[in-house]
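These notes concern the structure reproduced below.
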Amino acid sequence: MDRKTRIIFRADGNSRIGLGHVTRSLALVHMLRKEFECVFAIQSPDQALQERIREVCDGIIVLPPAEPDADRFVHELDAYISAEEIVVLDGYTFGTAYQQNIKSRGAALVCIDDIHTYPFVADAVINQAGGVSPEKYQTAPYTRLLLGPHYALLRPAFLRAAKAARAIPEGELRVMVCMGGADPDNHTLQALEALQAIPAVKYIEIVVGSAYNRLHELKQYLKDLPQAKLHRDLSAESLRRLMAKCQAAITSASGISYEYAAVGGLLFVKQTADNQTGMHQFLTTEGIAQDYGNLSEVLQQGMSETLFAAQLTTQRQFFDGKSPERLLELFKSLSLATSLKLRKAVPEDLQQLFDWANDPEVRRHSFNPEPIPLEDHTRWFQAKLDNTNAMLYLAEADGKPAAHIRFDMNGSTATISYQIAADYRGKGLGIWFCSKVYSICYRTGRMCSS
């Protein structure tokens, strides 16, 4: 049985910073765990969070606390990663230096991001927020950008909901309130006060997470609010069922808003953190949700089926439940890349390179489409091996030649070219070659052109 490629997910979460990074990273774990070995690395998680991670992941790495500006923070994963791993980072402290250290160890790297405030050297960046243009990112030449809700990091329950039929729930107006797992500024209580002033709202469903630290205050408030019911630390499926009962919801402009939009219904979003600016603007501009400020005006007259249906139609345009297939394709190409070994060409490789050079598809895209005579190829190949300003490599997958790459040096500049064997085309290896080129040029101090 083939060994699964290991993916190390690195994110932090607690009552102070919230659980958003952990939640969306675990959503990605759900999408990938059948094909990959998934391990989660996290600093000082509480017991409840450890149990939540262990339910989904194959293992957990509990890291000691380290400040982001400490040297040991940049190197905290050194003992766990090699060229055979894929690393996924989700958090605002994993800047360029942290990424460069991982890349220097040969690992494939994916960053989950929503603020684009520093340069990225990852192989791919996933930003599920809509309305983000590639120009907002500074990246390495090989970095792939996967932007928008088509790459939504939704948990399985909500991916299924996005594909299911949805009708307006029967009965009096029921509104869900969920401001994230931690809600450190207690926007939950503020939303409850606003809903109390709207007579059309008959039932209120409040959802908080295990990291919510204002529970006592909230329970005291709810003693005088019999129409409200408190739910704490719900499973994804329980949360989906609750959402399905509610005609409307109030959420923060974060991952929870995507989950409700995937289920479908009238959605009001509130920006509760600086990093939610882009998400809030996208949701409200595209009509997936309404701004929280419109809550009273819209709900005073209750809920109409027309209003509900219009909101649902827009939401279905953006959330189709197919993000796992798109993301799995990325990670499979990275997995193939991690299995490749790069070695210098030797005289015995002459025939292999000759066969590749005369592949009909290769000739068709060459400046000179005519077949190359063996005599000419032999002369060229020997000249490259003898030339100290030329570097010729072969990439092998499980010992089988998969591609070759060549560097022709001229002072501080290197011109590159590569060919991929027919069996390995269309698998994303071009991106891997660009990454290797960048690494080699970085080490040698040369500029590269292709």
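When reading the values below, keep in mind they use all heavy atoms of this one structure, side chains included, and skip hydrogens, waters and symmetry mates.
The CG atom of Asn14 lies 10.0 Å from the NE2 atom of His21; values are rounded to the nearest 0.5 Å. How far CG of Leu215 is from CG of Asn213: 9.5 Å, rounded to the nearest 0.5 Å. Taken to the nearest 0.5 Å, the OH atom of Tyr137 stands 3.5 Å off from the CG atom of Asn127. For the atom pair CD (Glu396) and CG (Leu340), the distance works out to 9.5 Å, reported to the nearest 0.5 Å. Distance check: Leu154 CG to His30 NE2 gives 11.5 Å after rounding to the nearest 0.5 Å. Note that CG of Leu239 is 6.0 Å distant from CG of Leu234, once rounded to the nearest 0.5 Å.
For residues 270-285, the pairs satisfying side-chain hydrogen bond (donor to acceptor under 3.5 Å, both in side chains) are Tyr92-Asn275, His187-Lys270, Gln190-Lys270, Gln271-Thr277, Thr272-Gln276, His280-Asp291, with sequence neighbours left out. Sorted by first then second residue, the salt bridge (Lys or Arg N to Asp or Glu O under 4.0 Å) pairs that include residues 207-220, not counting sequence neighbours, are Arg214-Glu217. Residues in residues 145-158 take part in these salt bridge (Lys or Arg N to Asp or Glu O under 4.0 Å) pairs, two or more places apart or across chains: Arg155-Glu259. Pairs passing the salt bridge (Lys or Arg N to Asp or Glu O under 4.0 Å) check and including a residue from residues 66-82, sequence neighbours excluded, read Arg10-Glu76, Asp78-Arg105. Among residues at least two apart or in separate chains, salt bridge (Lys or Arg N to Asp or Glu O under 4.0 Å) pairs with a member in residues 237-250 are Arg160-Glu237, Glu237-Arg240, Glu237-Arg241.
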Taking distance alone, no hydrogens or angles, what donor-acceptor pairs closer than 3.5 Å link side-chain atoms of residues 33-42 to residues at least two apart or in another chain?
{"from": "Arg33", "atom 1": "NH1", "to": "Val56", "atom 2": "O", "distance (Å)": "3.3"}

For residues 223-231, which side-chain donor-acceptor pairs fall under 3.5 Å, sequence neighbours excluded?
{"from": "Lys223", "atom 1": "NZ", "to": "Gln220", "atom 2": "OE1", "distance (Å)": "3.0"}
{"from": "His231", "atom 1": "NE2", "to": "Glu205", "atom 2": "OE1", "distance (Å)": "2.6"}

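For Tyr203, the ring pair (Phe, Tyr, Trp, His ring centres under 6.0 Å) criterion is met by no residue, not counting sequence neighbours. The ring pair (Phe, Tyr, Trp, His ring centres under 6.0 Å) check on Phe282 picks up Phe318, with sequence neighbours excluded. Here Ser323 pairs with nothing under the side chain to side chain donor-acceptor pair (under 3.5 Å) rule; sequence neighbours left out. Not counting sequence neighbours, the partners of Phe94 by the ring pair (Phe, Tyr, Trp, His ring centres under 6.0 Å) test are Phe73, Tyr98. Partners of Tyr221 by ring pair (Phe, Tyr, Trp, His ring centres under 6.0 Å), not counting sequence neighbours: none found.
In this model, a donor atom of one side chain and an acceptor atom of the other lie less than 3.5 Å apart for Ser252 and Ser254. Under the 3.5 Å distance criterion, with hydrogens and angles disregarded, a donor-acceptor pair is assigned to the side chains of Tyr212 and Asn186. Side chains of Thr251 and Ser257: a donor-acceptor N/O pair is absent below 3.5 angstrom, by distance only. Between the side chains of Thr23 and Arg52, at least one donor-acceptor pair of N or O atoms lies under 3.5 Å. Ser296 and Gln300 form a side-chain donor-acceptor contact under 3.5 Å, judged by distance and modelled atom types alone.
Salt-bridge formation is detected for the pair Lys103/Asp123: a Lys NZ or Arg NE/NH1/NH2 atom is positioned less than 4.0 Å from an Asp or Glu carboxylate oxygen. No salt bridge links Lys332 with Glu329; every basic N to acidic carboxylate O contact stays at or beyond 4.0 Å. A salt bridge links Arg24 with Asp114: the closest approach of a Lys/Arg side-chain nitrogen to an acidic carboxylate oxygen falls below 4.0 angstrom.
With contacts defined as side-chain heavy-atom distances shorter than 4.5 Å, the pair Leu146/Arg326 does not qualify.
For the pair Thr96 (side chain) and Phe120 (backbone), a donor-acceptor distance under 3.5 Å is absent. Under the 3.5 Å distance criterion, the side-chain polar atoms of Gln247 are matched with a main-chain donor or acceptor of Arg174. Between the side chain of Glu85 and the backbone N or O of Ser82 there is at least one donor-acceptor pair closer than 3.5 Å. Between the side chain of Tyr142 and the main chain of Ala124, no donor-acceptor pair closer than 3.5 Å is present. Formation of a donor-acceptor pair under 3.5 Å by the Arg166 side chain with backbone atoms of Ala262 is not found in this model.
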Quiz item: Would Tyr258 and Leu153 satisfy side chain to side chain contact (heavy atoms under 4.5 Å, CB included), going step by step from the backbone distance to the final call?
Solution: CA-CA 9 Å; Tyr258 269 28; Leu153 299 172; over 6 Å; no

Exercise. Show your reasoning for whether side chain to side chain contact (heavy atoms under 4.5 Å, CB included) applies to Val110 and Val125.
Key: CA-CA 6 Å; Val110 175; Val125 176; over 6 Å; no

Exercise. Could you walk me through whether Leu109 and Val88 pass side chain to side chain contact (heavy atoms under 4.5 Å, CB included), step by step?
Key: CA-CA 6 Å; Leu109 176 61; Val88 177; over 6 Å; no

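Within a 6.0 Å sphere centred on CD of Glu170, other residues, nucleotides and ligands contribute 12 heavy atoms or fewer.
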